[in-house]
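Let me begin by presenting the structure, written as structure tokens, before commenting on it.
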Amino acid sequence: MQNIKKEQLILIIAFLLLAIFVSPLFILGEDAHIRVHDNLDSNLAWYKVLAISGQITGPLNGSISQIINGNLSRNAFGTEFSLIVWLYKLFPTMIAYALSQTITRVVAFIGMYLLLKKHFLYEKGWEIVNVGTALAFAFTPFWPSGMLSTLGMPLALWAFLNIRKGESLLRNYVALTLIPFYSSIVLGFFFFLSAMGILWLVDVIKGKGWNPRFILSIIYMTCVYFLVEYRLVYSFLFDHVPNSRDEYFHARLSFWHCIRLTFKNFIFGHHHVATIHTLVILPVMILAFFLIIVKKLWKQEKVFVSLFILNFALSAWYAFWFYKGWLPLTKMFHFMDTFNFARFHFLRPLIIYVLFALSLKILFKYGSFRKLILEGFVLLQIIVIVFFNEEILFRDKPSVKQFFAEEQFSEIKNYINLPLESYRVASIGLHPAIAQYNGFYTLDTYNNFYPLSYKYQFRKIIEKELAKNKTIRVYFDEWGGRCYMFSSELGKHYMFKKHTKKRVKNLELNTDVFKEMGGRFIFSAVPIDNAFDNNLTLEKVFESKSSAWKIYLYKAL
């Protein structure tokens with residue numbers, strides 16, 4: 001009874017800390033500082049564009065007219081069966097963002113707590129470790145638009161392991177049914193479900209039986225994903241129009257570069273699935289592994305050993321996916337270029353935090369560490385990870401309000417004084433997502449899935465700039481997700497704030513092609529000294545106290 005009360009108290013404290021952790025998003029609103037890369041520069045604008053497009057439930061052959069002259073398929077913005085789409089439809093951007101963060105972190109905490117308590121540290125006395133590890137996991141700076149794609153894995157694993165053991169309670173299937181509505185199969189659960197399939201197969205090979213309930217549950221969740229992600233399934237099976245991903249070439253690294261990348265990923269992780277495990281968790285894991293070696297505990301701690309080896313193997317797999325030795329196979333099997341199989345390493349957050357909890361148990365059991373010290377490691381990890389709260393981590397970046405600069409772009413709209421759909425714009429030194437968020441129709445974009453023909457057409461505008469700079473040429477030609485108005489002088493930089501001294505001195509654009517595509521105006525974050533040579537004229541410079549940018553408005557002559 002005393003243990004139950006203690007656990008309830010710890011859980012209450014954990015939920016209060018979770019509330020405090022996400023509170024800056026609710027309190028600061030648009031003055032909050034959040035991730036720019038693959039967030040403000042893309043996804044948040046996509047949700048806004050989709051919400052006002054009238055195409056949320058649009059047909060499979062529908063398009064988004066506001067972006068790249070309607071060449072962007074509705075299917076590029078994902079399924080309407082994802083809750084996150086409706087959050088941004090029903091609420092202002094920052095309320096939707098705050099709610100999404102809260103939902104994800106709460107589910108991540110509950111999932112990891114249930115998983116550890118039921119399947120790994122189920123003995124009495126581990127309440128603080130279970131709750132603390134789950135809380136640290138929930139605090140990780142995950143990729144926001146990934147939702148539960150990685151942070152939902154502990155809850156799914158809890159349900160699958162329950163079913164694997166013969167449990168047929170409805171709650172397991174409820175979890176497996178709901179997770180696909182707030183996650184992505186290509187951003188996490190394809191790899192997780194593949195791992196579950198391998199686990200089932202290993203059980204069969206070991207003579208544990210066919211366990212039909214387990215394999216059917218895996219098939220069931222896969223089918224739910226196929227129904228939810230029907231747009232993705234349709235595009236993969238039936239849309240044969242060449243797209244930008246057909247020119248994504250990943251196999252380019254040398255063997256020794258891959259070796260270095262293996263250890264870099266193992267030690268530091270990856271920004272899309274950041275685990276913040278380097279300072280506390282990694283030394284604890286290695287110490288536990290050392291104990292197992294010294295005391296020859298391979299059989300007793302086979303779960304830990306298997307997960308430790310798998311953790312390193314996933315880092316190696318991630319690194320060697322970019323090994324140039326794959327080239328012969330990528331030429332034979334094109335899907336190896338268009339689908340990012342390196343993302344098996346997205347399983348690592350789940351594995352690392354389970355290993356952390358198991359490491360503490362091993363140190364207590366075989367290393368004579370007092371529980372108080374082990375609980376101190378958990379507290380230390382929580383303290384470390386708190387400093388990766390977005391408000392702290394991105395405090396030097398523009399706030400949401402400063403980034404999207406709605407007041408400033410409203411002035412630009414009023415100055416141009418034409419219907420937005422009657423002209424097209426592009427940006428230099430500035431993410432096109434900003435113009436898109438403010439309702440402008442853009443020729444440039446950041447999307448991973450758009451027609452290859454459009455990429456070639458847009459390339460004609462910037463071909464002379466690409467010829468002058470190998471970095472941006474390879475970046476555009478061999479990926480092209482950022483279909484930007486690149487300048488050789490600016491390179492791969494597209495966030496020049498209003499106090500920058502940078503200038504573009506020798507820009508060479510094909511303005512004729514720009515105009516043929518409907519382009520009338522260019523929003524530049526820096527002055528263009530030879531604008532007249534590019535048949536551009538400076539109309540006006542726009543500044544605003546609430547904006548991070550100084551916008552030079554150029555008109556094509």
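Atoms considered below: every heavy atom in the structure, side chains included; atoms not considered: hydrogens, waters and symmetry mates.
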request  = Give me the ring orientation class for His345 and Tyr318: parallel if the planes are under 30° apart, tilted from 30 to 60°, perpendicular past 60°.
outcome  = tilted
inquiry  = When you compare the side chains of Tyr182 and Thr104, does any donor N or O come within less than 3.5 Å of an acceptor on the partner?
reply    = no
key: Donor-acceptor contact below 3.5 Å, side chain Trp86 vs main chain Glu80   = yes
query = Taking the side chain as C-beta and beyond, is there a heavy-atom pair between His270 and Arg348 under 4.5 Å?
reply = no
Distance, nearest 0.5 Å, that separates CG of Leu18 from CG of Leu11 = 10.5 Å
ask   = Going by atom types only, do His271 and Arg35 share a side-chain donor-acceptor pair under 3.5 Å?
value = yes
task = Please check if atom OH in Tyr234 has more than 12 non-hydrogen atoms from other residues, nucleotides or ligands closer than 6.0 Å.
result = yes
query = For the side chain of Ser100 and the backbone of Ala96, is there at least one donor-acceptor N/O pair under 3.5 Å apart?
reply = no
remark   = Taking every heavy atom of Ser168 against every heavy atom of Arg213, the minimum-distance pair comes out as CB-CZ, 4.0 Å
task = Could you tell me whether the side chain of Ile84 reaches within less than 4.5 Å of the side chain of Ile103, counting heavy atoms only?
result = no
Aromatic ring proximity Phe356/Phe377, centre distance under 6.0 Å = no
message = Looking at every heavy atom in both Cys483 and Tyr450, which two are closest together, and how far apart are they?
response = CB-OH, 3.5 Å
remark   = Closest heavy-atom pair, Pro283 versus Thr278, reported as atoms and distance to 0.1 Å, is CD-O, 3.3 Å
key: Ser23 side chain vs Ile20 backbone, donor-acceptor pair below 3.5 Å   = yes
query = If you look at every heavy atom in Asn172 and Glu167, which pair is closest and at what distance?
reply = ND2-OE2, 3.0 Å
remark   = Rounded to the nearest 0.5 angstrom, the CZ-SG distance for Phe255 and Cys258 is 8.0 Å
request  = May I ask you to check whether Phe192 and Phe189 place their ring centres under 6.0 Å from each other?
outcome  = yes
key: Test item: Ser73 side-chain N/O and Asn75 main-chain N/O as donor-acceptor pair under 3.5 Å   = yes
Side-chain donor/acceptor of Asn265 to backbone N/O of Ala319, under 3.5 Å = no
ask   = Does the side chain of Phe181 come within less than 4.5 Å of Met147's, by heavy atoms?
value = no
query = Taking the side chain from Ser42 and the backbone from Tyr446, do they hold a donor-acceptor pair closer than 3.5 Å?
reply = no
task = Verify whether one side chain among Asn162 and Arg171 offers a donor that lies under 3.5 Å from an acceptor in the other.
result = no
inquiry  = For the backbone of Arg164 and the side chain of Asn211, can you confirm whether one donor and one acceptor N or O come within less than 3.5 Å of each other?
reply    = yes
ask   = Is it the case that more than 12 heavy atoms not belonging to Lys264 sit under 6.0 Å from its NZ atom?
value = no
task = Mark yes or no for whether Trp46, through its side chain, and Ala433, through its backbone, hold a donor-acceptor pair below 3.5 Å.
result = no
request  = Report, as yes or no, whether the 6.0 Å neighbourhood of atom NZ on Lys397 holds more than 12 heavy atoms from other residues, nucleotides or ligands.
outcome  = no
inquiry  = I'd like to know if the side chain of Thr79 reaches the main chain of Val228, judged simply by a donor and an acceptor atom lying under 3.5 Å from each other, with no hydrogens or angles considered.
reply    = yes
inquiry  = So Tyr97 and Phe91, do their side chains get closer than 4.5 Å, heavy atoms only?
reply    = no
ask   = Looking at Tyr484, does the NZ or CZ of Lys492 lie under 6.0 angstrom from its six-membered ring centre and within 45 degrees of the ring axis?
value = no
request  = Take Phe77 and Val85, measure what side chain to side chain contact (heavy atoms under 4.5 Å, CB included) needs, and give me the verdict at the end.
outcome  = CA-CA 9 Å; Phe77 280 170; Val85 168; over 6 Å; no
ask   = Which value, rounded to the nearest 0.5 Å, describes the distance between Ile163 atom CD1 and Ile215 atom CD1?
value = 11.5 Å
task = Could you grab the distance from atom CZ of Phe109 to atom CZ of Phe137, nearest 0.5 Å is fine?
result = 12.0 Å
remark   = What one should report as the nearest heavy-atom pair of Leu176 and Met221 is O-CG, 3.6 Å
Neighbour count >12 (heavy atoms, 6.0 Å) for atom CZ, Phe263 = no
task = State the CG-CG distance between Leu148 and Leu178, to the nearest 0.5 angstrom.
result = 10.5 Å
query = Quick one: ring-ring contact (aromatic ring centres under 6.0 Å, His included) partners of Phe289, sequence neighbours excluded?
reply = Phe308
key: Option from Val378, Leu379, Leu380 for which side chain to side chain contact (heavy atoms under 4.5 Å, CB included) with Val280 holds   = Leu380
ask   = What is the minimum heavy-atom distance between Val22 and Arg105, and which atoms define it?
value = CG1-CD, 3.9 Å
key: Modelled atom types, side-chain donor and acceptor of Glu301 and Tyr366, under 3.5 Å   = yes
message = Filter on salt bridge (charged side-chain N to carboxylate O under 4.0 Å, His left out), then keep only pairs touching residues 356-378, sequence neighbours left out; what's left?
response = Glu123-Lys361
query = Looking only at side chains, do Asp396 and His33 share a donor and an acceptor under 3.5 Å apart?
reply = no
Under 3.5 Å side-chain donor-acceptor pair for Ser145 and Tyr47 = yes
inquiry  = Would you call the rings of Tyr323 and Phe320 parallel, tilted or perpendicular, taking 30° and 60° as the class edges?
reply    = perpendicular
message = Strictly distance-based, threshold 3.5 Å: is any side-chain N or O of Lys455 a donor or acceptor partner for the main-chain N or O of Phe476?
response = yes
ask   = When rounded to the nearest 0.5 angstrom, what distance separates CG in Asn39 from CG in Asp41?
value = 7.5 Å
task = Taking the side chain as every heavy atom from C-beta outward, state whether Phe120 and Trp126 have any atom pair closer than 4.5 Å.
result = no
ask   = Once the angle between the rings of Phe21 and Phe139 is folded into 0 to 90°, is it parallel (under 30°), tilted (30 to 60°) or perpendicular (over 60°)?
value = parallel
message = Is the distance between the ring centroids of Trp317 and Phe191 under 6.0 Å?
response = no
Side chain to side chain, Tyr225 and Ile179, heavy atoms closer than 4.5 Å = yes
inquiry  = I'd like to check Ser82 versus Glu229 (side-chain heavy atoms, cut-off strictly below 4.5 Å). Are they in contact?
reply    = no
